[in-house]
Amino acid sequence: MRQLTSNGLPISVDRAFFKPLRDSTPLLSDPDALRRRFHDDGYLHLRDVVDPDEVRALRADYFSRFDPAYLRPGTEPACGVFSGQVPPDIPPHGWPGHPAHGFARSAGFTRFVEDPTLLHLAETLLGGPATLLPRRIVRHFHQGSGSATRAHIDFDYLDGGSDRLVTMWISLGDCSVDTGGLVYLEGSHRLSREQLMPLREVTDRPDDPRPISHDLVWVATRLGRRWMHTTSRAGDITLHNPRLIHASLDVAGDVMRLSTDLRFVRRDDHVDNRWTAPWSGDDGN
Ligand SMILES: O=C(O)CCC(=O)C(=O)O
């Protein structure tokens, strides 16, 4: 039984709390089956959808933007191995001047996220013409940062617009359970708002009504549901429903987690205006 943490709290990666994410890659050639699976499971994990070499090149570009002291000596930027030293004077993640801010606006990243294959997949799930929202988040975690993504549903961050939304999570590099990937709570897209309310009693952010809880054991136990996880490889993508509860594990090894999360909406729908400008770490959204 492996003991990992999320937001610093221990969670055992065993059958009491975890089960594997289902691989839906074999359905890629069958749009109806893909839609049904997305409806039933609330997510789709798909292997080898994007070019793994392009993913590795983006990872190399991102980590090359940092002071080399941030990376373990003798390792390539594409590996993204943490030296244990955060460069002094670096702005907070994603703020102007931080490497993630420039990377999110770079031609390479923009070309990658605007790949017609990704849009086509979103359109398949949304059942019509769709658009990728301009707020495209770049996330990066290293071991010991003490922070991970709290359990939440995306719609609580996008509720100023239509809920006909699809989120696409793409790891920019391989992402094992030690690399702090996303975990999804089984069947939670079917829960009502009333069922989620009591979970918010245990939170390290009492003044923020959006996250559900930082305590993944509490959430799983209270709802009697397990978290689902998988090892993502460069080239894989995961899509999820805006009401599916998800969170992340802390990074437990030297390899840093780099990922992006994208939101697609139906082109004719009203969009939450917090998501109509490029992402910046200080945008408060
Ligand atoms: O990557 C993360 O840690 C969070 C991403 C997320 O919440 C999402 O894709 O909706």
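If you read the sequence from its start, that first residue is 1, and numbering goes on from there. For clarity, every value in this text was computed on a predicted model and none was experimentally measured. Numbering of ligands and ligand atoms starts at 1, following listing order.
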task = Could you list the atoms of ligand 1 found under 4.0 angstrom from a heavy atom of H246?
result = 6 (C), 7 (O), 8 (C), 10 (O)

task = Kindly say whether the aromatic ring centers of H140 and Y70 come within a distance under 6.0 Å.
result = yes

Centroid-centroid under 6.0 Å between Y43 and H240 rings = no

ask   = Does any non-hydrogen side-chain atom of W169 lie less than 4.5 Å from one of S232?
value = yes

key: Heavy-atom nearest neighbour of atom 4 (C) of ligand 1 within options T149, L158, V138, T167   = T149

task = Determine whether the side chain, the backbone, both or neither of L182 has a heavy atom under 4.0 Å from any heavy atom of ligand 1.
result = side chain

request  = Starting from atom 1 (O) of ligand 1, find the nearest protein heavy-atom neighbour and note its residue, name and distance.
outcome  = R257 NH1, 2.7 Å

message = Using a 4.0 Å heavy-atom cut-off, which part of R150 comes near ligand 1: side chain, backbone, both, or neither?
response = neither

request  = Could you list which atoms of ligand 1 come closer than 4.0 Å to a heavy atom of D154?
outcome  = 10 (O)

query = Are R135 and W275 in a cation-pi contact, defined as NZ or CZ under 6.0 Å from the six-membered ring centre and within 45° of the axis?
reply = yes

task = Assess the pair F103 and H98: is the distance between their ring centroids shorter than 6.0 Å?
result = no

task = Please report which non-hydrogen protein atom sits nearest to atom 9 (O) of ligand 1, along with the residue it belongs to and the distance in Å to one decimal place.
result = D261 CB, 3.1 Å

key: H152 touching ligand 1 at heavy-atom level, < 4.0 angstrom   = yes

ask   = When you look for heavy atoms under 4.0 Å from ligand 1, do you find them on the side chain of R263, its backbone, both, or neither?
value = side chain

key: Single hit among R210, R274, R193, R243 for salt bridge (Lys or Arg N to Asp or Glu O under 4.0 Å) with D159   = R274

query = Any side-chain heavy-atom pair from R164 and V265 closer than 4.5 angstrom?
reply = no

